[in-house]
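These notes concern the structure reproduced below.
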Amino acid sequence: MRECSYWLFKSEPSGYSFHDLLNEDNHTAEWDGVRNYAARNYLRDQVKLGDKVFFYHSNIKPPAIVGTAVVVREGYPDFTAWDPISEHPDPKSTLATPIWFMVDIRADDFLPNEVTLTQIKLTVGLENTSLLKRARLSVHPVTREEWTIIIALSKRKQSC
DNA sequence: GCCAACGTTGGC
DNA sequence: GCCAACGTTGGC
């Protein structure tokens, strides 16, 4: 019996928001379009069924973790890569030799309060979190301790 | 809108 | 295989 792992997935809400995920059938969607090797490796090799996911909104004021989701399908080829009219086509990726991978996630719920990037930067225990160390990565590992701290933060009303 | 950080590409 | 040029991300 494997313990679940924790992740943080980024999305620009102008393109795809947590609200969009909640509005999907069964609150579930393919996490497609990742075209970065480090993120791909996580999706292909390490993100497992039942793992928990923070949904982070980037490129918005303020950038913040807004909700949680759960992995409902493990890594499989991102077929949007070999669809020439998809948003992120990659002719080098084929059915026989896929390069890019995705997982499916199902929205759980909004956090009681969003946890902003500023809060994350100011919170003891989160100073080494991957989000702060590798700013441009779109899929980050989160430790169990970090997950617990962020969940606790989300239950606290912000004064500013 | 700016621009720093950083991942990717491609010439050599 | 190095590394300069280039493109993208994303906070500010």
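Numbers restart at 1 for each chain; the letters A, B, ... are given by sequence-line order, proteins then strands. On a predicted model such as this, the values are computed, not experimentally measured, just so you know.
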When you group the ILVMFWY residues by side-chain heavy-atom contacts below 4.5 Å and let the links chain together, are Phe9(A) and Val72(A) in the same group?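 No.
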
Given DNA chain B, 5'-ward residue of the pair Ala135(A) and Asn59(A), judged by closest heavy atom: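 Going by which nucleotide is closer to the 5' end, it is Asn59(A).
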
Most 5' of Lys92(A) and Arg134(A) on DNA chain B, judged by nearest nucleotide: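 Mapping each residue to its closest nucleotide by heavy atoms, the 5'-most match is Arg134(A).
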
If you take all heavy atoms of Pro98(A) and Ser93(A), which pair is closest and at what distance?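 It is CA-OG, 3.5 Å.
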
Which atoms form the tightest heavy-atom contact between Val103(A) and Gly75(A), and what is the distance?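 Closest approach of Val103(A) to Gly75(A), heavy atoms only: CG1-N, 3.6 Å.
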
When you check the gap from the basic side-chain N to the acidic O, do Arg40(A) and Asp78(A) get nearer than 4.0 Å?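 Looking at Asp78(A) together with Arg40(A), the answer is no, because their closest N to O distance does not fall below 4.0 Å.
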
Indicate the ring-plane relationship of Phe18(A) and Phe110(A), choosing parallel, tilted or perpendicular according to the 30° and 60° boundaries.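 If you compare the ring of Phe18(A) with that of Phe110(A), the planes turn out perpendicular.
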
Could you work out how much the helix from dG1(B)-dC12(C) to dC12(B)-dG1(C) bends, comparing the axis of its first five pairs with that of its last five, to 10°?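 Axis angle across the helix from dG1(B)-dC12(C) to dC12(B)-dG1(C), nearest 10°: 10°.
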
Pairwise 5' ranking along DNA chain C for Pro63(A) and Arg136(A), keeping only the more 5' one: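 Looking at DNA chain C, the more 5' nearest nucleotide goes with Arg136(A).
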
At 4.0 Å (heavy atoms only), tell me whether Lys10(A) reaches a base, stays on the sugar-phosphate, or touches nothing.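 Lys10(A): backbone/sugar contact only, no base atoms under 4.0 Å.
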
Candidates Leu111(A), Thr148(A), Leu126(A) - the one meeting side-chain contact (heavy atoms from CB on, under 4.5 Å) with Leu153(A):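 Only one option passes, and that is Leu126(A).
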
Any chance the side chains of Thr80(A) and Asp83(A) put a donor and an acceptor closer than 3.5 Å?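 Absent: no donor and acceptor within the cut-off.
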
Ring center gap for Tyr76(A) and Trp100(A) short of 6.0 angstrom: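 Here the rings of Trp100(A) and Tyr76(A) have centres that are no less than 6.0 Å from each other.
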
Please list, in 5' to 3' order, the outermost nucleotides of DNA chain C lying under 4.0 Å from any heavy atom of chain A.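 For DNA chain C, the relevant span reads dG7(C) to dC12(C).
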
